[in-house]
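The structure under discussion appears below in the form of structure tokens.
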Amino acid sequence: MKLASLKHGRDGRLVVVSRDLSRCADASAIAPTLSAAIDDWADASPHLHELAGRLEKGHAPAAPFEPRHCAAPLPRAFGWADGSAYLSHVALLRKSRGAEMPASFWTDPLIYRGGSDRFLGPSDPIALGDEGWGLDLEAEVAVIIGDVRQGATRAEAAAAIRLLMLANDVSLRNLIPAELAKGFGFFQGKAMTAFSPVAVTPDELGAAWDGAKLSLPISSEINGKPLGRPNAGVDCAFDFAALIAHAVKTRPLAGPSIVGSGTVSSRAADGGPGQPIEEGGAGYSCIAEIRAVETIRHGAPRTPYLTFGDRVRIEMRDAAGESVFGAIDQQVVRV
């Protein structure tokens, strides 16, 4: 089942979307919003699945599905916690500035609490006040969860996953170092996060989903030029069960909340930094990684961060080449 929120009020209007992303059916009689559906998932989910089945068979009133009319699947949520499941990403960025990777990073997930009061839709522009802030994309996988108790086990954490989607966790790289130097974490260094047009139930993903990890390539483009296509299931040190269980170590999470994987990243075959696409590698899911590789190779970065007018596209396709979540397709605009 694929679900989306058409722009309507603050929390959108819930629709069920066909598997090929061409049509949608109004689901507001079942639940007016996705947030309401998550709150009552045990009752709402069977009815939404039934509507999805009728939509596929052409037995439900339908309209063309237009991603540009979509808000984020959850336009706002009770929480947004983003992890760093791909330690190749962390190690590469630290190596480029001469910092070692602490041993604890391999056993204790990194995670931060982001702004969840408002998210961007898949086609909403990225508003930038100053090109000097170092605007970067970050292509990620994310899950929408229901309530999770404090101290939940891995199994309980995995069972709380309701839906999956893609994220562009926009970063302002040149603001982050000064913030982290204060010892208190991100705030201004993280711009508004955007999500894919649709969120999908785990059963839609078949063998690509193992119950806690999604194994499909995530592609990123800047102005139509491929940046990366690493597989989200490769080099993933912490799956979603681990990230969620870590997040509820000292307090519960109230659904609907979102947990992100962090920037999807892969090592090269020899275990070293990932290679650019033009060199036959899987490329990168953010500009910071390619700048880190350039710094290691050449002593300084060569690839600029995003500027006004640039367009970013993030998408994931299944083994048959079909778009799973639709595309995040955003342009950078001046505030």
Side-chain angles (χ1 to χ4, degrees), residues 76-120 126-140 142 150 167-195 237-238 242-254 257-265 284-296 299-301 303-308 332 334-335:
R76 54 180 177 165
F78 286 109
W80 158 232
D82 196 26
S84 192
Y86 301 87
L87 295 183
S88 53
H89 170 75
V90 181
L92 182 55
L93 266 58
R94 292 181 70 89
K95 182 178 179 180
S96 70
R97 61 177 189 265
E100 294 295 323
M101 181 90 119
S104 64
F105 280 34
W106 296 98
T107 58
D108 199 31
L110 288 169
I111 196 164
Y112 83 91
R113 187 85 167 186
S116 62
D117 50 332
R118 184 187 169 197
F119 298 119
L120 294 177
I126 303 171
L128 179 65
D130 186 337
E131 289 181 332
W133 292 346
L135 179 64
D136 197 0
L137 72 153
E138 290 193 51
E140 305 186 7
Q150 180 180 336
N168 181 14
D169 183 40
V170 181
S171 289
L172 302 172
R173 299 292 187 187
N174 293 340
L175 299 185
I176 289 174
E179 279 200 307
L180 294 183
K182 297 177 180 179
F184 211 48
F186 299 122
F187 194 86
Q188 292 180 339
K190 286 292 184 178
M192 294 177 66
T193 305
F195 292 96
F238 303 104
L243 292 175
I244 295 166
H246 176 76
V248 297
K249 178 179 179 179
T250 61
R251 60 178 176 178
L253 287 178
S257 288
I258 304 171
V259 176
S261 66
T263 307
V264 178
S265 176
Y284 314 100
S285 296
C286 67
I287 296 171
E289 278 201 20
I290 193 168
R291 285 170 61 90
V293 169
E294 291 166 345
T295 298
I296 294 167
T303 302
Y305 287 120
L306 299 172
T307 58
F308 299 127
V332 182
R334 189 187 303 268
V335 174

If you compare all heavy atoms of [X] against all heavy atoms of [Y], which two are closest, and at what distance to 0.1 Å?
| X | Y | answer |
| --- | --- | --- |
| Asp117 | Arg76 | O-CB, 3.2 Å |
| Ile111 | Ala81 | CD1-CB, 4.0 Å |
| Ser84 | Val90 | OG-CG2, 3.0 Å |
| Ile287 | Pro304 | CG2-O, 3.7 Å |
| His246 | Pro109 | NE2-O, 3.2 Å |

**Request:** Would you please name every residue forming a side chain to side chain contact (heavy atoms under 4.5 Å, CB included) with Ala242, sequence neighbours left out?
**Result:**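 Partners of Ala242 under the side chain to side chain contact (heavy atoms under 4.5 Å, CB included) test: Arg154, Phe238, Asp239.
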
**Request:** Inspect the surroundings of CZ in Phe78 and state if more than 12 heavy atoms from other residues, nucleotides or ligands are less than 6.0 Å away.
**Result:**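 Open: at most 12 neighbouring heavy atoms sit under 6.0 Å from CZ of Phe78.
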
**Message:** Can you tell me if Arg113 has over 12 outside heavy atoms packed within less than 6.0 Å of its CZ?
**Reply:** yes

Look up atom [atom1] in [X] and atom [atom2] in [Y], then write down how far apart they are to the nearest 0.5 Å.
| X | Y | atom1 | atom2 | value |
| --- | --- | --- | --- | --- |
| Asn174 | Glu131 | CG | CD | 11.5 Å |
| Ile126 | Arg334 | CD1 | CZ | 15.0 Å |
| Arg291 | Thr295 | CZ | OG1 | 7.0 Å |
| Tyr112 | Phe186 | OH | CZ | 6.5 Å |

Name every donor-acceptor pair, under 3.5 Å, that has one atom in a side chain of residues 175-185 and the other anywhere in the protein, sequence neighbours excluded.
residue, atom, partner, partner atom, Å
Glu179, OE1, Phe187, N, 3.1
Glu179, OE1, Gln188, N, 3.3
Glu179, OE1, Gly189, N, 2.8
Glu179, OE2, Phe187, N, 3.2
Glu179, OE2, Gln188, N, 2.7

**Item:** Partner residues of Tyr284 under the ring pair (Phe, Tyr, Trp, His ring centres under 6.0 Å) criterion, sequence neighbours left out
**Value:**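 Partners of Tyr284 by the ring pair (Phe, Tyr, Trp, His ring centres under 6.0 Å) criterion come out as none, since no residue qualifies.
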
**Item:** Residues which pass ring pair (Phe, Tyr, Trp, His ring centres under 6.0 Å) with Phe308, listed by chain and number, not counting sequence neighbours
**Value:**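 Per chain and number, Phe308 pairs via ring pair (Phe, Tyr, Trp, His ring centres under 6.0 Å) with no residue.
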
**Request:** Could you give me the CA-CA distance, side-chain angles and deciding distance for Val170 and Met192, then say whether side-chain contact (heavy atoms from CB on, under 4.5 Å) is met?
**Result:** CA-CA 6 Å; Val170 181; Met192 294 177 66; over 6 Å; no

Show me the side-chain donor-acceptor pairs of residues 258-265 shorter than 3.5 Å, one per line, residues at least two apart or across chains.
residue, atom, partner, partner atom, Å
Ser261, OG, Val141, N, 3.2
Ser261, OG, Val141, O, 3.2
Thr263, OG1, Glu138, OE1, 2.3
Ser265, OG, Ser88, OG, 2.9
Ser265, OG, His89, N, 3.4
Ser265, OG, Glu289, OE1, 3.3
Ser265, OG, Glu289, OE2, 2.8

**Asked** Going by heavy atoms in the side chains, are Trp80 and Asp82 under 4.5 Å from each other?
**Response** yes

**Request:** Could you check Leu128 against Thr307 for side-chain contact (heavy atoms from CB on, under 4.5 Å), going step by step and ending with a plain yes or no?
**Result:** CA-CA 9 Å; Leu128 179 65; Thr307 58; over 6 Å; no

**Item:** Exam field: side chain Asn168 to backbone Leu137, donor-acceptor pair closer than 3.5 Å
**Value:**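 A pair under 3.5 Å: no.
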
**Message:** Taking Cys286's backbone N and O only, do any of them form a donor-acceptor pair with Asp136's side chain (distance below 3.5 Å, no angle check)?
**Reply:** no

**Request:** Kindly write out the residues that satisfy salt bridge (Lys or Arg N to Asp or Glu O under 4.0 Å) with Asp169, not counting sequence neighbours, or none if the list is empty.
**Result:** Lys190

